[in-house]
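Written out below as structure tokens is the structure these notes cover.
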Amino acid sequence: MTARIETSTLPAFAVPRLPSLSHAAVTRLALSWPLPLAVLLLWHLAATFEWLPPQILPPPAVVATTFVDLVRTGELPDNLWISLGRVLAGFAAGGAAGLVLGVAMGLSPTTRDVLYPSFRAIAQVPSLGWLPLLMLLVGLGEALKIILIAKAAFVPVALNTYQGLRGVPTRYIEVARVYRFTRWQLLVKVVFPAAFPQVWNGVRYGLTHAWLALVAVELLASSEGLGFMIVYGRQLYQLDVVLAAVVVVGTVGYLLDRLLTVLEQRLLRWRHDAF
Amino acid sequence: MHDASRRRLRGTALPVLLLAGWWAAFRFGWSDSPLLVAPSQVWDTAARLSGDGTLWRALGASLARDLAGFVLGSLAGFGVGIALGLSRLLENLVGPTLHTVKQVSLLAWIPLISVWFGLGDLAKVVFLALAAFFPVVLNTFEGIRGVPRELVEVARVFALTPLQLLCRVVLPAALPSIFNGIHLALIYAWLATLGAEYLLTSGIGIGNLLTDGREHLWMDQVLLGIVIVGAVGFTLNWLAGAIEARLLRWRGTSTGQY
């Protein structure tokens, strides 16, 4: 991955908030329904009149039933937990390493000079490119997945931490000098809080990328997890299973990102309260 | 100048050290793993594969696919982004659905696409177009929504037609954001090229080179593939940056006067 992905702000369409039920909000909410419903209806019609064979396009009702079945038999929850466990382990490892490297490069110009070019070179190769090498080096086991997810999380966290620390305005530091802050005080009270929003951005991208990498590695080399469900559903031509798993993958990705956004608001409130 | 060269020197220290370690590990037989290949062997493989044209065919196939998917996806994204940006109604109708679909990991689409479009180039290009579509749509939309109201008002005063308004005011003002989306699309498309070649294994390409190397335990080929993947990603990124800088030059000079 490159700097562009991590540092650019990916814009989002109106983030849904708790509706204050103004007229405009009601309109927006109402208008968001026709398209999905139309697609669903078309899908249903296509399946009912067999415009496409059911192996290729299972009817929505079947997908819903399959989903319920997969939840009841425990197959979906089991695979979901495995995937979540992997993503958290990899994200924790990669995120922590990224924070350390980012802080080291942000605070020490020498470290930056030595490590940054190599870091950029490694980051340039997408996670998928590393996969064959890692398969040869560590085999197909759990280590492969964790390492790949960790790498995916590591790059944006390190990059954003580094840039966040470097971007702290010199004025702040000058003011701190005037107050005769020790180096430690300077870091804890000025530099880290000022860099926090961008660091947190990196953490968010890190989690998003970790989730993407998880799905990728499970699709390619796994015998359990959501990605595996998709692959084996496809091999057996059970597209209902595939579609159900795809929906779960999308939902979890969305929820993980929302979780960090909510956490950020919490953390930032604390920051405001402190001053 | 002196400072810059010292920084560059420091930057090369680590790679040189790693290369030396790799070479020494091979030279002095610190490891007898069949996976440890000599640096020179990677070079030889590069020479051999480029000599008999395998490398160039693979690279050409990957890049052609990349380009086709990128162009299709960005054009579609550009069109939809403009439509959504100009019409609140469309935004409300389509936006939420688009935003939801975007959440699905890109690679998770491949199994579905392979059932619907087969395992050949068509499926790959469709997937690549999907990868390029989302960043362009979102950034175009954001860019148009971010056009300052005053600019549009001035255009109204000059009684521009809607088409003139779009081409002379809205699009130029939204251009930086649109470029940002295209830039991202270029990177995503390359990433997706690899993913498509891994998962839809028919045909040739750099991704197939990598998987072949892995299946046969040809470490040299795997390493070579990784270097190429990185180099192509770097080049595309650099190219997009250069074009962007050139096309947006007029903005730089106009603000540079103040």
Side-chain angles (χ1 to χ4, degrees), chain A residues 1-2 4-5 8 10-14 16 27-28 31-32 34-36 39 55-57 109-110 113-118 121-122 124-126 128-133 135-137 211-212 214-216 219-220 226-227 230-231 233-234 237 239 242-243 245-247 249-251 253-254 257, chain B residues 6-8 10-15 18 35 89 91-101 103-112 114-116 135 138-139 141-142 177 180 183-184 187-188 190-191 194-195 198-199 207 210-211 213-214 217 219 222-223 225-227 229-230 233-234 237:
Chain A
M1 295 280 183
T2 68
R4 285 307 281 233
I5 293 185
S8 63
L10 288 176
F13 287 103
T27 316
R28 288 180 76 94
L31 281 176
S32 68
L35 180 66
V39 171
Q55 292 88 350
I56 289 187
L57 194 71
T110 315
D113 287 350
V114 173
L115 294 180
Y116 192 67
S118 302
I122 290 173
Q124 204 72 53
V125 179
L128 273 175
W130 293 111
L131 187 68
L133 180 69
M135 278 182 178
L136 286 180
L137 291 178
W211 185 245
L212 292 176
L214 169 93
V215 174
L219 282 169
L220 286 161
L226 288 173
I230 295 178
V231 171
R234 192 200 117 45
Y237 262 85
L239 277 218
V242 176
L243 283 166
V246 164
V247 169
V249 165
T251 312
Y254 176 75
D257 192 55
Chain B
R6 192 174 60 190
R7 292 180 68 172
R8 211 165 300 138
R10 282 175 173 171
T12 51
L14 188 64
L18 283 175
L35 294 180
L89 179 68
E91 184 211 337
N92 287 336
L93 276 175
V94 180
T97 308
L98 206 60
H99 192 46
T100 315
V101 174
Q103 293 297 332
V104 178
S105 301
L106 211 50
L107 282 167
W109 289 110
I110 289 195
L112 284 176
S114 75
V115 172
W116 291 335
L138 295 176
N139 281 282
F141 169 81
E142 282 290 312
S177 180
N180 197 23
H183 201 140
L184 281 172
I187 295 163
Y188 282 12
W190 179 238
L191 194 72
L194 274 189
Y198 276 165
L199 286 160
L210 275 164
T211 30
R214 180 180 60 75
L217 288 182
M219 196 67 166
V222 171
L223 287 172
I226 289 179
V227 171
V229 168
F234 177 82
N237 196 13

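Naming convention: chains lettered A, B, ... in sequence-line order (proteins, then strands); numbering from 1 in each chain. The structure presented is a predicted model; accordingly, all values stated were derived computationally and were not measured.
Each of B:Thr211, B:Ile110, B:Leu14, B:Leu217 has some count of heavy-atom pairs under 4.5 Å with chain A, and the biggest count is that of B:Leu14. Each of A:Ala121, A:Gly253, A:Ser118 has some count of heavy-atom pairs under 4.5 Å with chain B, and the biggest count is that of A:Ser118. When each of A:Gly250, A:Pro132, A:Pro109, A:Ala216 is checked for heavy-atom pairs under 4.5 Å with chain B, A:Pro132 comes out on top. Counting heavy-atom pairs closer than 4.5 Å to chain B, the top-ranked of the candidates A:Leu220, A:Val39, A:Val242, A:Leu226 is A:Leu220. With chain A as the partner, the residue from B:Leu107, B:Val115, B:Val104 showing the most heavy-atom pairs under 4.5 Å is B:Val115.
Between A:Tyr254 and B:Thr100, every side-chain heavy-atom pair lies at or beyond the 4.5 Å cut-off. Between B:Met219 and A:Leu133, the closest side-chain pair of non-hydrogen atoms falls below 4.5 Å. In this structure the side chain of B:Ser105 never reaches within 4.5 angstrom of the side chain of A:Leu214, judged on heavy atoms.
Using a 4.5 Å cut-off between heavy atoms, A:Val246 touches chain B through backbone and side chain atoms alike. In this structure, the portions of A:Val114 lying under 4.5 Å from any heavy atom of chain B include both its backbone and its side chain. Only the backbone of B:Leu106 comes within contact range of chain A, judged by heavy atoms closer than 4.5 Å. With a 4.5 angstrom heavy-atom cutoff, A:Pro117 touches chain B only via side-chain atoms. Contact annotation for A:Thr27: neither backbone nor side-chain heavy atoms come within less than 4.5 Å of a heavy atom of chain B. For B:Val222, the part lying near chain A is the side chain, with the backbone staying farther off; criterion is any non-hydrogen pair under 4.5 Å.
Here the closest heavy-atom approach between residue B:Arg214 and residue A:Leu136 is recorded as O-CD2, 3.7 Å. Here the closest non-hydrogen pair linking B:Leu93 and A:Pro34 is CD2-CG, 3.8 Å. A pairwise comparison of heavy atoms in A:Pro126 and B:Leu191 identifies CB-CD1, 2.7 Å as the closest pair. Closest approach of B:Thr97 to A:Ser32, counting heavy atoms only: OG1-O, 4.2 Å. Nearest heavy-atom pair across A:Gly129 and B:Leu194 is N-CD1, 3.9 Å.
Looking at B:Tyr198, its side chain does come within 3.5 Å of a backbone N or O of A:Leu128 through a donor-acceptor pair.
In this structure, CD on A:Gln124 lies 14.0 Å from CD1 on B:Ile226, to the nearest 0.5 angstrom.
Residues passing the side-chain hydrogen bond (donor to acceptor under 3.5 Å, both in side chains) test with B:Ser114 are A:Arg234, sequence neighbours excluded. With sequence neighbours excluded, the residues satisfying side-chain hydrogen bond (donor to acceptor under 3.5 Å, both in side chains) with B:Arg10 are A:Asp113.
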